[in-house]
Amino acid sequence: MFRKISAVVLASVIAASPASAAGPDKKNRVGGETIAKLYAGKTWIWSKGGTYWAPDGSFQAVWEDSVGLGKWYATSKGSLCYEAQWYHSKGEPGKQRKECYRHIADSQGQLWKYSEKDQSWYKPTREFAERIKPGNKIASRVRKLRKRYGV
């Protein structure tokens with residue numbers, strides 16, 4: 001059953017059906033294994049940086065001239081979370097931050113994601129097609145910032 005649901009969710013992330021439901025069923029959570037497969041080994045590109053979700057659970061991120069280092073995990077309730085120390089300057093301790101992104105599937109298997117900023121659900125189809133890329137696309141920026149800040 002899990003594999004069937006996983007396959008439906010993964011397929012719908014890549015190509016959303018135009019006849020998908022009007023909104024997510026908040027009781028239809030996507031399992032942690034499915035979420036982990038969607039992000040592991042990929043970089044989520046942001047406007048001023050990005051995050052790399054390593055297959056071993058380590059987390060790297062850059063935002064402008066800040067670097068975040070820590071771990072990531074997917075919960076059984078469909079959340080993708082990271083816990084990281086963010087460094088902004090040399091000689092200063094990093095600031096701890098934890099953030100989670102909730103995922104739910106609708107009745108037809110379409111994946112939905114919750115935006116904390118907008119406090120609303122959206123279909124991340126374009127996000128997966130355009131902004132989440134295989135491999136570590138921020139490695140050189142992470143190395144540069146780690147060296148600059150001595151971490």
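Note that the structure is predicted; figures quoted are calculated from it, not measured.
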### Query
Any donor-acceptor pair under 3.5 Å linking the side chain of Asn28 with the backbone of Ile104?
no

### Query
Is there a donor-acceptor contact under 3.5 Å from the side chain of Lys42 to the main chain of Leu38?
yes

### Message
Is it the case that the side chain of Arg102 and the backbone of Ser79 share a donor-acceptor pair, with hydrogens and angles ignored and the cut-off at 3.5 Å?
### Response
no

### Query
Any chance the rings of Trp112 and Tyr122 have centres within less than 6.0 Å?
no

### Query
Any side-chain donor paired with an acceptor under 3.5 Å for Tyr73 and Glu83?
yes

### Message
Testing the basics here: between Pro124 and Leu111, what is the closest heavy-atom pair and its distance to 0.1 Å?
### Response
CD-O, 3.3 Å

### Main-chain N/O of Glu64 paired to Arg141 side chain as donor or acceptor, under 3.5 Å
yes

#### Entry: Ser120 and Asp118 side chains, donor-acceptor separation under 3.5 Å
no

#### Entry: Shortest non-hydrogen contact from Gly68 toward Ala84
C-CB, 4.3 Å

### Query
Is NZ or CZ of Lys113 both nearer than 6.0 Å to the six-membered ring centre of Trp44 and within 45° of the ring axis?
yes

### Query
Are Asp106 and Lys123 ion-paired here, with the side-chain N under 4.0 Å from a carboxylate O?
no

### Message
Please check this pair: side chain of Trp72 against backbone of Leu80, looking for a donor-acceptor N/O pair closer than 3.5 Å.
### Response
no

### Query
Are Thr43 and Ile132 close enough, and set up right, to give a side-chain contact (heavy atoms from CB on, under 4.5 Å), and what steps lead you there?
CA-CA 6 Å; Thr43 301; Ile132 297 177; over 6 Å; no

### Task
Search all heavy atoms of Thr51 against all heavy atoms of Ala61 and return the closest pair with its distance.
CG2-CB, 3.7 Å

#### Entry: Pair Glu99, Tyr82: side-chain N/O donor-acceptor within cut-off below 3.5 Å
yes

